[in-house]
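Note that these values count all heavy atoms, side chains included, but never hydrogens, waters or copies made by symmetry.
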Amino acid sequence: MKITMIVNFNPQPNFIKTSPIQSRQYPNLAPLKQDTVSFGCKKFVRPKDLMDLKNKEIIQVCINALEKEQTIGQGTEAIVYKIPDYAMQYCLRRDKKTVPNTNKLKLDFNLDEYDKANFVIAKLGEGLTLLKYVPGIPLKIITKSDTESGIKVKHALQELVANNFPIESFEKTISLIEESRSKGIVFDRKGENLLVDAISQEMTPIDYSRQFNDIEYNPISYIYHALDVDNTEHAAKVLKKLCIAYAERLKTVSKEELNLDVLDRNFYHRGFIFDPFNQFPDKEALEAVRAKLFDELLEQKFTAAPDEFEWLVECYKDFVEEKLSVSNRSRFPMSWDFDD
């Protein structure tokens with residue numbers, strides 16, 4: 001599902017992260033605003049979390065959001081609405097092909113792994129789904145729909161990702177894609193399906209498909225493509241962080257979690273203009289860090305002793321720093337090899 005987000009960029013941390021189901025004990029409850037649904041109770045006190053309401057009240061809040069039509073994103077298959085009564089907690093997804101009958105809605109909390117990967121909280125029927133709200137925006141620049149100010153925001157976030165996002169953020173994103181793939185849940189690698197949050201400095205894949213089955217599966221390519229930094233001054237820094245994150249993850253994951261049966265060990269494929277790495281400024285360096293990672297380090301994962309492998313990962317990290325010219329730090333010459 002292609003989702004184009006419509007946002008007002010605000011760098012202030014004005015939202016509170018919550019888990020889907022929280023305690024019902026809240027000592028400081030805010031009064032319900034007059035323009036929201038009161039459910040016929042004049043002194044009704046609104047809980048801080050939507051899921052603390054009764055089921056019929058949750059449904060009414062969703063109906064209210066549907067009627068207000070405050071869109072936060074839409075694609076070819078669905079429209080996503082903000083739930084203004086509980087801003088920054090949940091959102092409502094409506095299939096475009098369905099005209100919901102709000103009199104027939106019913107909460108269904110029976111979710112499979114596919115639903116959970118897509119942040120589903122409950123199904124309401126009639127083409128409606130209650131989702132956990134994921135903060136952030138996609139950085140893939142769509143010139144036909146992005147405004148000039150929107151493009152400037154994305155450029156600023158690209159710079160922030162390259163210079164400030166920690167390696168752990170990249171490792172977490174790779175793990176989300178890899179772990180889902182291990183369960184047969186495949187990330188739809190469209191560039192618009194990775195949300196980047198400047199406040200938490202995290203990236204979140206948001207769309208997993210039952211039908212999508214990419215023959216060119218490579219999480220590094222997916223993330224690099226979504227960040228849209230190819231042919232920019234950020235390309236080498238982002239690639240460096242992605243390669244180091246993948247190498248770091250190799251130290252702890254099992255063979256099954258690496259999805260080697262489907263992993264494409266190339267970074268770029270058919271040569272289409274929009275494929276990742278087609279405009280990378282140094283193809284020789286690109287191939288060097290790719291080969292060391294997938295043709296050598298990945299193989300050493302299964303043959304080297306744990307202590308030795310950790311050392312090899314450190315060697316690879318230094319090699320990436322040196323080869324991509326993003327740091328003067330190097331403990332080994334560029335010509336080092338795993339077999340030396």
S.K.: Using a strict threshold of under 4.0 Å (side-chain N to carboxylate O), is an ion pair present between K96 and E77?
M.R.: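 No, E77 and K96 are not salt-bridged.
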S.K.: Working to the nearest 0.5 Å, report the span between CG of L195 and CD1 of I206.
M.R.: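 Separation between the atoms: 4.0 Å.
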S.K.: Distance alone, cut at 3.5 Å: any donor-acceptor contact between the side chains of E178 and N259?
M.R.: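 Distance-only check passes for E178 and N259.
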S.K.: If you take the centroid of each ring, where Trp contributes its six-membered ring, are Y90 and Y133 closer together than 6.0 Å?
M.R.: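 When the ring centroids of Y133 and Y90 are compared, they turn out to be at least 6.0 Å apart.
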S.K.: Are K251 and E310 ion-paired here, with the side-chain N under 4.0 Å from a carboxylate O?
M.R.: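 No, K251 and E310 are not salt-bridged.
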S.K.: Looking only at the side chains, is there a donor atom on one of D49 and Y86 sitting less than 3.5 Å from an acceptor on the other?
M.R.: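 There is no such pair (donor and acceptor under 3.5 Å, judged by atom type) between the side chains of D49 and Y86.
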S.K.: I'd like to check L297 versus L250 (side-chain heavy atoms, cut-off strictly below 4.5 Å). Are they in contact?
M.R.: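 When only atoms from C-beta onward are counted, L250 and L297 do touch, with a gap below 4.5 Å.
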S.K.: Would you call L194 and P138 a side-chain contact if the rule is heavy atoms closer than 4.5 Å?
M.R.: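 Side-chain contact under 4.5 Å: no.
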S.K.: Using a 4.5 Å cut-off on heavy atoms from C-beta on, say whether the side chain of P205 contacts that of T173.
M.R.: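 Yes, their side chains come closer than 4.5 Å.
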S.K.: Rounded to the nearest 0.5 Å, what's the gap from CG on N118 to CG on D188? Could you check?
M.R.: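 If I round to the nearest 0.5 Å, the distance is 10.0 Å.
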S.K.: Run the ring-ring contact (aromatic ring centres under 6.0 Å, His included) check on F267 and F280 step by step: do they pass?
M.R.: CA-CA 11 Å; F267 278 161; F280 194 82; 8.8 Å; no
S.K.: Any chance you could measure D115, atom CG, to I185, atom CD1, to the nearest 0.5 Å?
M.R.: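 Here the rounded value is 9.0 Å.
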S.K.: Kindly state each residue pair satisfying ring pair (Phe, Tyr, Trp, His ring centres under 6.0 Å) with at least one member in residues 234-262, sequence neighbours excluded.
M.R.: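 Matches after skipping sequence neighbours: Y246-F294.
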S.K.: Stepwise, does the side chain to side chain contact (heavy atoms under 4.5 Å, CB included) test hold for K140 with H225?
M.R.: CA-CA 8 Å; K140 191 69 178 176; H225 172 70; 3.1 Å; yes
S.K.: Any carboxylate oxygen within less than 4.0 angstrom of a Lys/Arg side-chain nitrogen, looking at D282 and K323?
M.R.: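 Salt bridge: no.
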S.K.: Between C62 and L92, is any pair of side-chain heavy atoms under 4.5 Å apart?
M.R.: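 Heavy-atom side-chain distance check passes, below 4.5 Å.
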S.K.: Check each of L66, I63, L124 against P100 using the side chain to side chain contact (heavy atoms under 4.5 Å, CB included) test, and report the only one that passes.
M.R.: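 Of the listed options, the one satisfying the test is L66.
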S.K.: So, are D146 and K154 salt-bridged, with charged N and O less than 4.0 Å apart?
M.R.: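 Answer for the salt bridge query: yes.
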S.K.: For the salt bridge (Lys or Arg N to Asp or Glu O under 4.0 Å) test, which of E179, E202, E248 pairs with K172?
M.R.: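 Among the candidates, only E202 passes.
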S.K.: Report yes if the side chains of L157 and I137 come closer than 4.5 Å at any heavy-atom pair, otherwise no.
M.R.: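 Contact flag for L157/I137 side chains = yes.
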S.K.: Quick one, R181 and F187 - any side-chain contact, counting heavy atoms below 4.5 Å?
M.R.: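 Heavy-atom side-chain distance check fails, nothing below 4.5 Å.
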S.K.: Find the distance between OG (S169) and CE (M203) and round it off to the nearest 0.5 Å.
M.R.: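 Those atoms lie 3.5 Å apart.
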S.K.: Check this for me: does any side-chain nitrogen of one of K152 and E159 sit under 4.0 Å from a carboxylate oxygen of the other?
M.R.: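 Result for this pair is no, no salt bridge flagged.
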S.K.: When rounded to the nearest 0.5 angstrom, what distance separates NZ in K237 from CG in L242?
M.R.: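 Reported to 0.5 Å precision, the distance equals 14.5 Å.
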S.K.: Mind checking whether F277 and Y224 have parallel, tilted or perpendicular rings, split at 30° and 60°?
M.R.: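 The arrangement is parallel - the two ring planes meet at less than 30°.
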S.K.: Could you tell me if N218 and N266 have a donor-acceptor pair between their side chains, going purely by distance under 3.5 Å?
M.R.: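 Side chains of N266 and N218: no pair found under 3.5 Å.
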S.K.: Examine the side chains of S254 and E257 and answer whether a donor and an acceptor come within less than 3.5 Å of each other.
M.R.: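 Yes.
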S.K.: Would you say that P219 contacts L263 through its side chain, given a criterion of any heavy-atom pair below 4.5 Å between the two side chains?
M.R.: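 Side chain of P219 against side chain of L263, heavy atoms only: contact under 4.5 Å found.
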S.K.: I'd like to know if R290 and E287 make a salt bridge, using a cut-off of under 4.0 Å between side-chain N and carboxylate O.
M.R.: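 Answer for the salt bridge query: yes.
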S.K.: Which pair of heavy atoms, one from Q158 and one from L139, lies closest together, and at what distance?
M.R.: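 That would be NE2-O, 3.6 Å.
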S.K.: In sequence, state the C-alpha distance, the side-chain angles, and the governing distance for K190 and D207, and then conclude on side chain to side chain contact (heavy atoms under 4.5 Å, CB included).
M.R.: CA-CA 9 Å; K190 295 184 179 70; D207 196 353; over 6 Å; no
S.K.: Checking R93 against V120 for the side chain to side chain contact (heavy atoms under 4.5 Å, CB included) test, could you report, in this order, the C-alpha distance in whole Å, the side-chain angles of both residues, the deciding distance, and whether it holds?
M.R.: CA-CA 10 Å; R93 181 187 186 274; V120 175; over 6 Å; no
S.K.: Would you compute the distance between atom CG of L130 and atom CD1 of I83 and round it to the nearest 0.5 angstrom?
M.R.: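 L130 atom CG to I83 atom CD1 measures 5.0 Å (nearest 0.5 Å).
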S.K.: Mind running side chain to side chain contact (heavy atoms under 4.5 Å, CB included) on I174 and I223 for me, showing each step along the way?
M.R.: CA-CA 8 Å; I174 291 173; I223 298 169; 3.6 Å; yes
S.K.: Salt bridge check, D95 against K97: does any charged N sit closer than 4.0 Å to a carboxylate O?
M.R.: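 Looking at D95 together with K97, the answer is no, because their closest N to O distance does not fall below 4.0 Å.
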S.K.: Give me the one residue out of I220, I244, L227 that meets side chain to side chain contact (heavy atoms under 4.5 Å, CB included) with F170.
M.R.: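 So the option named by the test is L227.
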S.K.: Does a side chain donor of either Y81 or R94 reach within less than 3.5 Å of an acceptor in the other side chain?
M.R.: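 Indeed, the side chains of Y81 and R94 share at least one donor-acceptor pair under 3.5 Å.
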